[in-house]
Structure formats: structure tokens, C-alpha cells
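Read through the structure below, which is laid out as C-alpha cells, and then see the notes.
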Amino acid sequence: MPDSKPHPIILGAVLAGLLIIPLVVRDEYYLHLFIVSAIFVVVALGLNLIVGYVGQLSLAHAAFFALGAYVSALLFFNLKWSMWIGMPAAAIVTAAVAFALGWVILRVRGHRFVIITVAFAEIMRLVATNWVDLTRGFMGLPGLQIPALYVPGIGAVDVSSKERFYYVVLAAALLSFYICYRLVRSSVGRAFVLVRENEVLAESLGISAFRTCMIAFVVGAALAGTAGALYGHYIGFVSPDLFNFSYITIMLIMVILGGKGTLIGPALGAVVFTFLPELLREASYYRMVIFASILVIATLFMPRGIIFPLVEHLVPRRWRKGHDRAA
Amino acid sequence: MLDLAIFGQHLLNGVLIGCAYALIAIGLTMIFGVMNIANFAHGEFYMMGGFAAFYLVTLLKLNYFIALPLAVVLVVVLAVAIQQIVFKRLRDAPVMTTTLVTIGLSILLEHVALLLWGPQPQVIPNPFPTRPLSFFGIYTTPLYLFSMAVTAALIVVGHLLIQRTRMGKAMRATFQNREAAALVGVRIDRVYLYAFTFGAALAAAAGAVLGGFIPVEPTMGGVATLKAFVVVILGGMGSFVGAIAGGLLLGLAEALGAGYFSTGWKDAIGFFAVILLLLFRPEGLFKRA
Amino acid sequence: MQSRLSVAVIALAVAASAAAQETVKIGVVQPLTGPVAYDGNIYVNTVKMLVDDMNAKGGVLGKKIELVVEDGACNPAQSVNAAEKLVTRDKVVALLGAFCSTSSAAMMEVARKHKVPHLTAISTAAQLTEQNNPYFFRAVATTPMLGAAFGGELPAAVKGKRFAFLVINDDWGRSMVSSYPKPIEHAGGQIVGTEFFQSSDLQFLPYITKIKAANPDAIILAANTQHAVALSKQIRELGITKPLIGEGSWTSDSYLKLAGPAAEGVYGLVEYVYTIKNPINAAFVKMSREKLKDNPSKFAGAAHNAIHIMVDAIRRAGAADPEKIRAALTKTDYHGLVGNIRFNEKNQAYGQDVYLARVTHGVPEVVKTAKIAKP
Amino acid sequence: MLALADVTLYRGNTRVLDAVSLEVAEGELVALIGANGAGKTTVLRTVSGLLVPSAGTITFGGKPIHGAGSDAIVRMGIAHCPEERKIWPEMSVHEHLELGAFVRRNNAAELRQDIERVFETFPILKERRDQLAGTLSGGQQQMLAIGRALMSRPTLCMFDEPSLGLAPMMVEAIGEMIVRIRGQGTTVLLVEQNAALALRLADRAYVLETGRVTLSGRAKELAANPEVHRAYLGG
């Protein structure tokens, strides 16, 4: 179910809207939430590849996110590597770990796959808490910083303020969106959907389900790792709490309620479900109760998610060029 | 030098915890076998059983031995409601849906418990003397022995129910081939209801019985669910006997692993086993190939 | 006539509330949900009670104090979000809190970024005050400071030589294990075993059995209420009768109530215990018993210190201005619940008393008092 | 006794059954033949209540049964011996027979009597009464599936491909068994790909092609029909 191609005017308006957010939103708290949203857009798009496009429920995604944060943080503290090297390094390491994990687990499906990914995430959490010499265990790694960005011709640009860092994460989010967009519209993307809908048929057409899943899994993990590095440097602190089950829950909520198997859905889902729990702070004690209820009800009654159908409904058809028929 | 008393103590600890693991895992494996749902909310019944027993004993001042079964009854009532409202709709739903719904349900129940009962860990008051008993240097208490006896008895009773009763046989038939069960007139939704509440009842019983020495608090369900999953995989998904054997095995492995290897990594033992088993022997450890 | 009177009353009330809108806002981040929510709630309820009392007595700078409480859930990310919200949206002039050290560590970066003073009275991880963060203050002794003050006393206090550690696997437990042995060994003791438990554990039989194999004369523990209850019960149930010495909630009412007979004879190494004798504490205990129906725990004591030190600084700053409050905080010379508190150049409190209390017939009695030296 | 009138069934967007009408009179042995995927099994599953028709009616003894639960349908006296036998591999032979009588909540003596009767018909099952069904041979499993179906004391028994995957000798034995069951007064609806066998046993037969009944009549006449001969009898 690829998204329809957006109308250039819509695309331009959306981009412009995204670009002026720091100029319009003077409330730092909201700006903070926009930054976190953008980071989670990267995460959700990655998770969406495996969950939405090839249709396997991976609960290891939060572990990749945390792994990325740790890789970048450890490089920062041990080798004094800045985030600009740490981030791609995090992507490469998580992709490599995902490849190794995928090599053994992408041959199983259904419940077995789900439970193995839980077990993997738990093991990663135990490593982070117990390998104290490397990770400092529960003490975590505080004091991460956002380094200046060297722009050729201009020199070092300080991006550590919220207004500026927003553009860094926005660039990451847009780039991820573009990567995913190209990926799902390529032959690989068609293979994703085919494997999800009918694996036997896909295999009979000469598409390797294993390879297809692997591509989604590795690219998804790399995105999670990149986002983890950004998040770690932004928050300034990396600890085993990143492996908490609550992270994978929220990531899944973003993808599923956003509308899995679409690109706009999970991206908007990431924004909505970063803001929603914060806005529900007013409801303090009832927050998680409300949140969990939404998850249960939406999963049961709105299998296409909430946000993507809403977008479809609200944006008139003629504004969407080259509308693809839902697969 | 291997200190025999210490070794014995580790074994006893392992059996005690193993029985509890088994009791919780039985329900999980049954729900898995019969309904084909990996119920991430299963541990919440364990938590609620503990709280129910605690409040029956402290608030209503009920006798401990009356409170325990009554607590199970209360949780069963709730389980029936949850089954009718939520799980009924999950019949034949894809893995993704069932998993997400049960994860959501688990968070929901945990936080409702937090709202109702607060985060404070509670120990269920019990009439047993606290003075430890010692046999050859191995220590235990009357409550531990009672818990072990009750969990073991419930496991045996559960096993007999599944093996001997009409509904038990219908459950096994449904697990092994649902359509054939429907064709002899088994009402599948009825089987779902029984399997689900039976599993919830056993988990609740575990919470009520263990709540005398493992404090009851809202987050305990999540941890229990993960352990129960490990047990279910060890024993083979859907296997009742496997859950019992798996529970004991995990209890012993953790106790001995912590005792002679490393306490920090004791939880990792199970998860490693899970990955290896699901890849290479998904039918579990105990099934004859 | 009567209705006219009530109109007047309402008008007065409206006027009063309009005046009260001019408040001094203090933000609090504590775990209201999650694993340590119980103790977090104690802190919050105590601060609320004390602020009500201060407001009844006229507040600070002629204004009412307004608390804005957010849940940090002992989770760094949530605590950061909560702190961001408090500073940027509620415009609080000072931050109190975070319970867990990891959360405080994350939260203090927010304080630094927005130049708002941030005071914790609970998080004890040593490195918190090593971050060169001028906005972060700690009004509690770190574990190494406690260890330095009391470690050497332990062998004599329990009349034993062999000590084993059974501590939570976090910064607190680990810094205990790294800082206590030296003074203990110096005083003739030795360490015979070290075990770390996970915060998700409530079943400690394997750990205890392992400790038992090492045959210690006393066990040193780091645990808060929920772990402490289970630990002390299970230790006794496995037949270990040796003394237990704990940092954490070992003298709090909730622990004593829940642990029952298992708490008898336990030693608590604490920054506050409600049985200390001084007039400030007497008033505090009385108020807590009336309003919260409980003897104040160590976290209530922390709350007392935190809010008083902060309000004292605001008063001395003379304005509800974060930068001035920060400056005033550095010059703190507060005489309160547990003696005199000042901050050193790293904003670490010193000078206060700490206590070794022994539970006797369900009541924690102070057996030894020590003063925290300037680090 | 059993009558389907214009039964139509969709699965997703595909029409699996297209206005199927057929009748089975009391005491008859009726065969339903057709190629793989023609919808034969779907007809039986719809009668048993495993599937609900999108349109049309199914009556049994004059009463409409479409939409009733499969348990209610078994209770009315329709047994369904499913395709591929569908035995429960980890339950014993004896347990299969017990569960076969699931809807009757009968007394123990009656149950024992019925089980003995099945054992008389299939002596080999008696020898293996405590063996797990998964360890039986294919033919034995088919016998067990038939025995299980008979345990509900049906007035109409439907067999779905009972000869599938069996050795020729066993096919003959199963055929005899079905004739004997009819001889005992049970009406039979037989679905077979083995059209030769089906037409030999049956009184009447229907031919199903891609969800529609294309031919029907007396079995002997159909067997003589050159089209049927070419398409289904391999001649």
C-alpha cells in the first residue's frame, strides 16, 4: 500500500511548514517535543519497514535504537569521536548486528519471530547493565554533547541550541523518509509487499523472502541506530533504561496507529505519539491507562491505523497525484 | 569444595521458584496452544491474584486459607470479562494484532492496578510461623513448604483436569486440530473461554500463594510474563507437560546458574535458551522427536 | 441581606485568588509511577505539606509558593521531558528532584541549558557533582561520604569482621561496593562476598544462598522499601541470623510495617531518621503524623531539606530569579532538620549529621551519629 | 432429508460456491464428484456450519440449518468425517472415540457400548485403543476418523475424500465400510475425487465444476455419460 505521490504544492507547503517551526514555535518545551518527534520519525520509519512492509513483528527495534545510542556514546567517551562520526558508526554497527541476528532469525516467522526478538532485546539489556567495565552499567554514560558541524566554506557551526539542532534532526527525518520512499517504490519495495501478502507466491516468482526480509530488517535497524545516536547526544545521557519495554511499545504504537505499510502514517504517528503522552501529562496518573486503552481499541477496531486513514480522508483526492491502488 | 548444604539450598530454591514458573506458564502455554495467541498480558493475572489475596486478608480480614481460593475466584471473574470483551475478538486474528493487543492490555492492567492499589509492594499476611525450619543445614519456612505443596498440587490437579475431563479433552483436541474438534460438536468459543480462565486462575493462584514472601506490586506481571515465555519455549509451545518440566528446569537453571556462575547473568540463561530453541528445536526440550 | 453578604464573601475570595496568582513557582520531578513510585510519592506529599505550611505562614517574598509536580518515573527520558516542560512552559524558577541518579543526571543537563537551579536531596551517585554543572546542587551525602563517615565504625558496631555486600545493581549499589571496603578494612574487617541484584528482582533466594555460603558476620545492603522488605524477610527465612546493615529505606515506617519481625535488629545507615531529637524534627514529625498519618521516612526528610534549602535561597536572593537563586544557593548556610548544611565548590552539601540507627521493638533508635566532613 | 438451495459462498472477492442446489433423501448414498478445487469440500464445510453461506438455504429434515453453529449441527445428527482425516495426533484412539460422542453427554454405559460397536467394525482400532493416533498408519487413521464420526450417532454422515492417500486394498475396504454404514440406516453424502469408486458406491451423484453443479443423476447413468467418463473416469 504505497503512499500516493504528493502534489508538488502540498510537498512544498509541508516542507516550508517544517522549516519554519523553530521560528514560529517560541515555546522551548514544544520545540523539544518537535526534536524528539523528528528523531522518532527516523525510528518509526525504520520499524515500519519490517513491521509494515514485510509484515514481521520485531520487538528488537528498541534494542537497536539503544545500541545506536551506546555505540555513539562509547565512541565519544573512549575515542573522543564526535557525533558526526558516531552517528554513521552507530548505523553501521546496528546494521551489522541486525544482519547477524537476521541471518539466524529471519528464517522463522510468526510467534517464534516475535519471541526471539524479545529475547534478543532482553539479552542486550542485560549486556548493557552487566558489562559494567564497558557500559558503566546502570550508571549510564552522562555528559554527551552535540558537536559543532563543519560546513565547507563556512567553518564550524554550533548546532547545539534547540533551534539549530531541530534542523539537524529534521534533515535526518527527511533523509530517512526519502530513503524509505525510494526503497518501497523500487522493486525491493514491491518484493516487501509480495512477501508480506503471500510468501509462497513470492518465492515461486523467484523472490527470496529471506533476502527481502533481511533488507528491511537491516535498513530498519540502521535507521534505529542513527536515531539512537541522535537521541543520546540530544538528551546528553545514555543508560540501560533505553532498553525498557516501554520504548518498543511506543514505537509500535507510532507505526501501527500511524498506519503500518504506509510512509506518511508512521511518520505522523511518531509526531502524534511523541506529543500525545506529553499533553496527557495533565492527566498524570491516568496517562498510561488512556494510552494503553487507545492501543488496544485501535488495534482491534482500526487495523489500518488511525492517522493514515485520517490523512486519506482529509486530503482531497485531486491533490494527490498518481494515486496508487492499495495493494 | 562443594558445600552440600548450600547446593541443597540452591536446589530447593530452584524447585520452589520453578513450581511458580510452571504454574504461571501452564496458562500461557494453554492460551498459546488453544487460541494461538502469545498473551503478553498473562503475567497480570499473577499480579492481580496477589493483590486480590492481599486485600481479602487485610481489608476484609478474611481467613488466609479462605482468601486464597476466593482471590482466584475474583480474578477468574475478571478473566472471563477480559476474554469476552477482548480475547473473543482475537480469534483467528494475525500474530501482529494479537501481540499488540495483549501488550496494550498488559500496560493497561498494570497501570489500572497502580491507580487502584498504588505502587507500594505488599506482603500478604499469613498465619505461618516465620521461624525457619532446617534439615541438614538446608533452610526453609512453613510458608515456602506450603507454597511448594500448593503449586505442586495445582499442577497435578491441572494436569488431571486436562487429561481426564470432557472439557480437558476438548481443549487438547482443539489444540491439535481445531476443525476436527468443531466437527465433533466442541464449541470452540467455549473451549477458548475455559482455557483462558483456567490459565488465568492458575496464574492468580501463583500470585496469591507466592505473595506471602515475594511482595506483590503492579509491575510484577511484566517480569512474570517474560519468564513464563521462556518456560513455554523450553517446554514446547502449547505443551502442558512441557510447561511443568520447563518451569522446574528454568527455576533450577537460574538458581544454580546464579549460585555457581553469576547472579547478574542468571536472567540471560533463559533468553539464550529461548533463541537457540526457537531456531533449532521449536518443539521444546521435552518432546520426543 | 444574607445573599448580599455571600456576594461580598465571593468577591473577597476572588480578590484573594487574583492576588495569589502572583506566585513563586517551584518545579518538582519525582517518580509517581514506576518501580520507586512509592518513595517518590512520599517525597511529593511531604513537599506539598510543607509548602502548604509555608504558604499559611506567608509564603516567600510576600508571595505564595506554587509547586508544579511532574512524573519522571525514574526514567531519564521522561525526567528530561518533565523538566523541559516545567522550565519552558510553567516557567518555574527552580527544580527539585529526580529520585534515581540516572534521572537526575539527565535532568541536570536541562537545568544547565536553561540556567535554572536544580537541587536533589535523594540522588547519591558520586559523579553527579563531578559534571561541573553550576546549576546542580545536592543536599544529601553521597554513598562514599556515608561510607567514609561510618564504614570504619561497622566492625565495632556489629562486633564482627566478615562483611558481605548484597546491593542493587545501579550506581548507588556499585558506589557502595567501591567505597565502603576501604574504611572497613582499615578498621580490621574484611569483605567476603559481593552480590548485585536487579531492580526487577523481588525474589532473592539465589543471592542469599550464595552470600550464606561465604559465611559473613554481617550483610551490608543497599535497597529501598520494596527490595528491603523482601530481602530482610528472605534472608531470615533462609536461616541467616547475622546483623543486616542497610543504606536506603531500612528505618522508614513503610519498611518496618511491611517487614514486621524480620526488621528487628536491622541497622540503617541513614541521612535522616524520625527519632532524632531536635525541635525542628519534633515539629516535622508532629505535622507528618497529623497530615500524612505517618512517621516521616528518609525521603520525607530529604523533601524537608530540599524545600527548605530552596525556599531559604529564594528568600535570600530577594527575587524569584533563577540566576540570583543559584547564587544564593551557593552561599547556603542552613540550619535544619539534620544539623548544618553548606555547599562546597562543587555544590555538594556537607556538615550535616548522618545516623546509624538500630531497629528495636519496631522503632529505629539512633545508636551513633557522625558528621559529614567537607569533601 | 438434506437440501441445499442456491447456496452461494464468497471468500474475499472470489465466489467459491455458485448457487449450488442438491438434495439427499433419507437412506440414500449420494456422491459429489469433481476436480480438485471445484468446491466439494466447501459444500461439506458449509453444511457442517464451519462456513456460513452468503446466500441460499440449507435445510435438514425440513428445518433451516445455515447459520447454526457446528456443534448444533452435529447435535441434529449430521456427522462430518473431514478431508485428510484430521485426527488429533497426540490423543489416543479411545479418546478420539470418546470425543466423537462429545455432543451426546451420554451415560458411561451407552458410551462404552458405542465404542464397542466401532471396535467391532474396526477390530484393528481395538488392538490400538491406547495408542496415540499420530502413530497409526494412514488407513488406520481413516478408520479412526470414520469411527469418530459415527460416535455421534448421526442420521446423515458426510465423508470427505475417505480414499485419499490410501493403498488400493485399503480403498476397497473403506468403500465397503461406507456401504455397510449406509446399510445400517445412516444416510451418506460422499465427496470423492476417485469418481470411479464414488459412482460405483452411490445411488445418485452430482458433478461440481468451479463451484457450480453441472450434472446430476443416477450414479450408473452418470458413469455411462461420455463427458463424465472423459473428465473424471480417465477414459
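Here is the naming used below: chain letters follow the sequence lines, and residue numbers restart at 1 for every chain. Side chains are part of it too, since the values below use all heavy atoms of this structure and drop only hydrogens, waters and symmetry mates.
In terms of heavy atoms, B:Gly104 sits closest to A:Ala292 at O-CB, 3.4 Å. The two residues B:Ile275 and A:Ile123 come nearest to each other via the heavy atoms CD1-CD1, 3.9 Å. Taking both residues in full, the closest heavy atoms of B:Leu278 and A:Arg112 are given as O-NH2, 2.7 Å, listed atom of the first, atom of the second, then distance.
Contact of A:Ile297 with chain B is not made at all, since no heavy-atom distance falls under 4.5 Å. For B:Phe32, the part sitting under 4.5 Å from any heavy atom of chain A is the side chain, from C-beta outward, and nothing else. Interface remark: A:Val114 contributes side-chain atoms only to the contact with chain B (heavy atom separation under 4.5 Å). Proximity to chain B is limited to the side chain of A:Val118, based on heavy atoms less than 4.5 angstrom apart. Of the two parts of A:Leu252, only the side chain, counted from C-beta on, holds a non-hydrogen atom closer than 4.5 Å to a non-hydrogen atom of chain B. Neither the backbone nor the side chain of B:Leu114 comes within contact range of chain A; no heavy atoms are under 4.5 Å apart. Residue B:Ile37 touches chain A through its backbone alone, counting heavy-atom pairs closer than 4.5 Å.
To the nearest 0.5 angstrom, A:Thr249 atom OG1 is 10.0 Å from B:Phe40 atom CZ. Separation of atoms CD1 (B:Ile107) and CZ (A:Phe245) is listed at 7.5 Å; rounding is to 0.5 Å. Taking CG of B:Leu277 as the start and CD1 of A:Ile115 as the end, the distance is 11.5 Å to the nearest 0.5 Å. The distance from the CG atom of B:Leu90 to the CG atom of A:Leu300 is 5.5 Å, given to the nearest 0.5 Å. To the nearest 0.5 Å, atom CZ of residue B:Phe271 and atom CZ of residue A:Arg125 are 7.0 Å apart.
The most heavy-atom pairs under 4.5 Å with chain B, out of A:Thr129, A:Ile253, A:Asn130, come from A:Asn130. Counting heavy-atom pairs under 4.5 Å between each of A:Ile294, A:Ile256, A:Val108 and chain B puts A:Ile256 at the top. Listed options A:Val104, A:Leu57, A:Ile116 were ranked by heavy-atom pairs under 4.5 angstrom with chain B; first place goes to A:Ile116. Between chain A and the residues B:Ile103, B:Thr102, B:Thr98, B:Val86, the most heavy-atom pairs under 4.5 angstrom are made by B:Ile103.
No more than 12 heavy atoms of other residues, nucleotides or ligands lie within 6.0 Å of CZ in A:Arg211, so this atom counts as exposed by the packing criterion. Counting heavy-atom neighbours within 6.0 Å of B:Tyr55 OH, excluding the residue itself, gives a total above 12. In the displayed structure, B:Phe261 atom CZ is contacted under 6.0 Å by at most 12 heavy atoms of other residues, nucleotides or ligands.
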**side chain to side chain contact (heavy atoms under 4.5 Å, CB included) between B:Met96 and A:Val51, worked out** = CA-CA 9 Å; B:Met96 182 99 64; A:Val51 170; 3.5 Å; yes

**Request:** Check the pair A:Phe120 / B:Val274 against side chain to side chain contact (heavy atoms under 4.5 Å, CB included), numbers first and verdict last.
**Result:** CA-CA 9 Å; A:Phe120 169 78; B:Val274 161; over 6 Å; no

